[in-house]
> 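Below is a structure I'd like to ask you about.
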Amino acid sequence: MEQIVIIGGGAGGLELATQLGRRLGRKGKANITLVDKNRTHIWKPLLHEVATGSLDTSVDGVVYHAHAARHGYIFQLGEFCALDAENKTVTLAPSFDSEGEQVLPERKLNYDKLVLAVGSVSNDFGTLGVAEHCYFLDSHTQAERFHHGLINNFLRINQKATADNLEIAIVGGGATGVELSAELYHVADLLKSYGLPKMTTQQLKISLIEAGPRILPALPERISLAARKELMRLGVNVRESVRVASAVADGFMTSEGEMIRADMMIWAAGVKAPDFIQRLNVFQTNRNNQILVQPTLQAKGADDVWVIGDCCACEQPDGSWVPPRAQSAHQMAACVLDNLIALTKGHTLKPYVYQDHGSLVNLSRYSTVGSLMGNLMGNSMFIEGRIARFVYISLYRMHQIAIHGWPKAILVILAEKLGKVVRPKMKLH
């Protein structure tokens, strides 16, 4: 039986494994295996909510083992570390528990078709001190690490007799940095309801640092200006055209020699595919470690390997590159699904065509701004407020439907609504 192995259980990888499991795995037409180094899945655009405690991974996460049992695929816990393209095997590194005891040994998996959906990590561009002093939000593990530090700082300030400030500096004015800034003000406003009255929004001092001339540089200027206006209304110190030269223990040093002090520092400036992609010495890659692909999303020089999501470098007919967004991963997963099924029927493979449905930025409960339609109409339609918020939430609902199916997704959404009635609005542990 054909072996299809998917590396990476993010938005694209999990959706693809789910659909292949239903259409091929359950019918005994192929063995579908999903590999991920984590036990649970969280939709990456929501990691800023995990970081602030608005989202609880123990409640809102998807457990791979349980999900696999329901949807006809196999889950393997492990970290992808090597690829033998000639013999068609992937190697998973041994895993260890917190005490250093080996849980799983090194393993090799055979494949006939391989899909790489390993996502992306933050790109620090070699900036001195960033790796040592900054938090990152590449995974729910990193987001939870930031959350623990945030809660500790909230407690520290609340117990002081005199008012003190919590200074947070975020480098990167993209969607992650902008949404995190607003969400931090939201959770700080909730603290008075949970026994921390001295830690208020007045004690929260956030600096959002962007090297370019405006925040949200990849989005239309109107969206950028609207988001900037709302952030400044909240109290965020938006610093544009400011380049960070280094990070030290108590803040960032700019290229102009200015010190931006911070108790907590987050690096959210740019992404790249994981460095180990280069070390595989198998694929053609660009400067961001992304794997160059053919129009069908097959890796150049390796027809039995497909690449989807943030680690995929897919050139469009106009010479531009498909942006690393959740909607791109969703569309790529659908294209590879159709092509893998087409191969089983002897049909011709179809090329991937990116459809830009617009972009939305959610500023917590304060506002949502964005554009819709994208290249569907030739130009964008600006939206904000409740309509934009509804569309933003709908994107996550579409992901839930893709991985659970309509009946289960409706039950999951209802359970979320009921859970919000009985549990705290933010995670305090």
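Both backbone and side-chain heavy atoms feed into the values below; hydrogens, waters and symmetry mates do not.
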> Quick check for you: to the nearest 0.5 Å, what is the distance between Leu280 atom CG and Thr91 atom OG1?
10.0 Å

> Taking salt bridge (charged side-chain N to carboxylate O under 4.0 Å, His left out) as the test, write out the residues that go with Arg23, two or more places apart.
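For Arg23, no residue satisfies salt bridge (charged side-chain N to carboxylate O under 4.0 Å, His left out) once neighbours in sequence are set aside.
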
> Suppose we call two aromatic rings close when their centres sit under 6.0 Å apart. Are Tyr73 and His67 close by that rule?
yes

> Between Lys108 and Asp84, does a salt bridge (charged side-chain N to carboxylate O under 4.0 Å, His left out) hold up when you go through it step by step?
CA-CA 10 Å; Lys108 292 185 182 294; Asp84 185 340; over 6 Å; no

> Could you give the distance from CD1 (Ile6) to CD1 (Ile74), rounded to the nearest 0.5 Å?
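Nearest 0.5 Å value for the CD1-CD1 distance: 11.5 Å.
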
> So, Asp263 and Asn153: side-chain donor and acceptor under 3.5 Å apart, yes or no?
no

> For Trp43 and Leu395: C-alpha separation, side-chain torsions, deciding distance, then whether side-chain contact (heavy atoms from CB on, under 4.5 Å) applies.
CA-CA 11 Å; Trp43 199 47; Leu395 298 176; 4.1 Å; yes

> Calculate, to the nearest 0.5 Å, the distance between atoms CZ and CG belonging to Phe80 and Leu109 respectively.
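These two atoms lie 10.0 Å from each other.
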
> Out of the candidates His404, His140, His399, only one should pair with His41 under the ring-ring contact (aromatic ring centres under 6.0 Å, His included) rule; please name it.
His399

> Do side-chain atoms of Lys44 reach the backbone of Ser120 as a donor and acceptor pair under 3.5 angstrom?
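Yes; at least one donor-acceptor contact below 3.5 Å.
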
> Can you tell me if Asn110 and Gln3 form a side-chain donor-acceptor pair at under 3.5 Å?
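Note: Asn110 and Gln3 side chains miss the donor-acceptor criterion.
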
> Grab the two heavy atoms, one from Gly173 and one from Pro217, that are nearest each other, plus how far apart they are.
O-CD, 4.0 Å

> Nearest 0.5 Å please: distance from the OG1 atom of Thr52 over to the CD atom of Glu183.
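Going from the OG1 atom of Thr52 to the CD atom of Glu183 covers 4.0 Å.
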
> Given Glu210 and Arg243, is the salt bridge (charged side-chain N to carboxylate O under 4.0 Å, His left out) satisfied, shown in steps?
CA-CA 7 Å; Glu210 168 57 41; Arg243 293 189 176 274; over 6 Å; no

> Could you go step by step and tell me if Ser364 and Glu179 meet the side-chain hydrogen bond (donor to acceptor under 3.5 Å, both in side chains) rule?
CA-CA 7 Å; Ser364 190; Glu179 292 182 331; over 6 Å; no

> Partners of Asp124 by side chain to side chain donor-acceptor pair (under 3.5 Å), sequence neighbours excluded?
none

> State whether the side chain of Asp318 and the backbone N or O of Ser320 hold a donor-acceptor pair below 3.5 Å, judged by distance alone.
yes

> Could you tell me whether a side-chain N or O of His147 sits under 3.5 Å from a main-chain N or O of Lys427, the two making a donor and an acceptor?
yes

> Is Gln102 atom CD crowded by more than 12 heavy atoms from other residues, nucleotides or ligands, each under 6.0 Å away?
yes

> Check step by step if side-chain contact (heavy atoms from CB on, under 4.5 Å) holds for Val118 and Ile277.
CA-CA 9 Å; Val118 295; Ile277 293 292; 4.0 Å; yes

> Please tabulate, one pair per line, all N/O donor-acceptor pairs under 3.5 Å involving side-chain atoms of residues 381-391, not counting sequence neighbours.
{"from": "Arg389", "atom 1": "NH1", "to": "Asn362", "atom 2": "OD1", "distance (Å)": "3.0"}

> I would like to know whether Thr57 and Glu144 meet side-chain contact (heavy atoms from CB on, under 4.5 Å); could you show each step before the answer?
CA-CA 9 Å; Thr57 56; Glu144 287 173 346; 2.3 Å; yes

> Would you say Leu219 and Ser224 make side-chain contact, with heavy atoms under 4.5 Å?
no

> Does any N or O in the side chain of Ser328 come within less than 3.5 Å of the main-chain N or O of Pro323, such that one atom is a donor and the other an acceptor?
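Yes: the side chain of Ser328 pairs with the backbone of Pro323.
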
> Checking the side chain of Gln331 only, and the main-chain atoms of Gln355 only, is there a donor and an acceptor separated by less than 3.5 Å?
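At least one qualifying donor-acceptor pair exists.
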
> May I ask you to test the Val5-Lys113 pair for a side-chain heavy-atom distance under 4.5 Å?
no

> Does His148 have any ring-ring contact (aromatic ring centres under 6.0 Å, His included) partners at least two apart in sequence or in another chain, and if so, which?
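Testing His148 for ring-ring contact (aromatic ring centres under 6.0 Å, His included), a comparison that skips the adjacent residues, returns none.
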
> Within the 3.5 Å criterion, strictly below it, is a donor on Glu230 or Ser367 matched to an acceptor on the partner's side chain?
no

> Minimum heavy-atom separation for Leu47 and Leu137, please, with both atom names.
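Answer, listing the atom of Leu47 first, then Leu137: CD1-O, 3.4 Å.
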
> How long is the gap from CD1 on Ile215 to CD1 on Ile223, to the nearest 0.5 Å?
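So the gap between those two atoms works out to 11.0 Å.
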
> Specify the closest pair of heavy atoms between Tyr396 and Asp60, including all atoms of both residues, with the distance to one decimal.
OH-O, 4.3 Å

> What I want to find out is whether Asp36 reaches Arg39 closely enough, with some N-O distance under 4.0 Å, to be called a salt bridge.
no

> Within the structure provided, determine whether Gln76 and Arg107 are in side-chain contact (heavy-atom separation under 4.5 Å).
yes

> So, Thr254 side chain and Glu258 main chain: donor-acceptor pair closer than 3.5 Å or not?
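Side chain of Thr254 to backbone of Glu258, a donor-acceptor pair under 3.5 Å: yes, one is there.
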
> Closer than 3.5 angstrom, by distance alone: can the side chain of Arg214 be matched with the main-chain N or O of Leu216 as a donor-acceptor pair?
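Present.
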
> Take Leu363 and Val361 through the test side-chain contact (heavy atoms from CB on, under 4.5 Å) and record every step on the way to the result.
CA-CA 6 Å; Leu363 303 177; Val361 178; 4.0 Å; yes

> Just by distance, with hydrogens left out, do Asp138 and Ser122 show a side-chain donor and acceptor under 3.5 Å apart?
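On atom types as modelled, these side chains qualify, holding a pair under 3.5 Å.
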
> Not counting sequence neighbours, which residues clear ring-ring contact (aromatic ring centres under 6.0 Å, His included) with Tyr135? List them please.
Phe146

> Taking Tyr64 for its side chain and Asn38 for its backbone only, find out whether a donor-acceptor pair lies under 3.5 Å.
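Side chain of Tyr64 to backbone of Asn38: no pair is present.
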
> Check residues 290-306 and write down every donor-acceptor pair under 3.5 Å in which the side-chain atom is one partner and the other belongs to a residue at least two apart or another chain.
{"from": "Gln290", "atom 1": "OE1", "to": "Asn286", "atom 2": "ND2", "distance (Å)": "2.9"}
{"from": "Gln290", "atom 1": "NE2", "to": "Asp310", "atom 2": "O", "distance (Å)": "2.9"}
{"from": "Gln294", "atom 1": "NE2", "to": "Ala299", "atom 2": "O", "distance (Å)": "3.3"}
{"from": "Gln294", "atom 1": "NE2", "to": "Asp303", "atom 2": "OD1", "distance (Å)": "2.9"}
{"from": "Thr296", "atom 1": "OG1", "to": "Gln298", "atom 2": "OE1", "distance (Å)": "2.6"}
{"from": "Gln298", "atom 1": "NE2", "to": "Asp303", "atom 2": "O", "distance (Å)": "2.7"}
{"from": "Asp304", "atom 1": "OD2", "to": "Lys88", "atom 2": "NZ", "distance (Å)": "3.3"}

> Please report the shortest heavy-atom distance between Ile170 and Ser181, naming the atom on each side.
CD1-OG, 3.5 Å

> Measure across Leu204 and Tyr185 and return the closest heavy-atom pair with its distance rounded to 0.1 Å.
O-OH, 3.3 Å

> Evaluate the side-chain proximity of Ile206 to Asn237: yes if any heavy-atom separation is below 4.5 Å, no if none is.
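Result no, sub-4.5 Å side-chain heavy-atom pair not found.
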
> Is Arg26 atom CZ crowded by more than 12 heavy atoms from other residues, nucleotides or ligands, each under 6.0 Å away?
yes

> With no hydrogens and no angle check, just 3.5 Å: does a side-chain donor-acceptor pair link Gln142 and Arg145?
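There is no such pair (donor and acceptor under 3.5 Å, judged by atom type) between the side chains of Gln142 and Arg145.
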
> Determine the minimum heavy-atom distance between Trp267 and Cys134, stating which atoms define it.
CB-CB, 4.1 Å

> Main chain of Asn288, side chain of Asn123: is a donor-acceptor contact present, judged purely on distance under 3.5 Å?
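No; zero donor-acceptor contacts below 3.5 Å.
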
> Are any of the side-chain nitrogens in Arg228 or Glu240 under 4.0 Å away from the carboxylate oxygens of its partner?
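Yes, this pair counts.
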
> Give a yes or no on this: more than 12 heavy atoms of other residues, nucleotides or ligands lie within 6.0 Å of atom CD of Glu86.
no

> With no hydrogens and no angle check, is any side-chain donor or acceptor of Ser246 less than 3.5 Å from a backbone partner on Leu128?
no

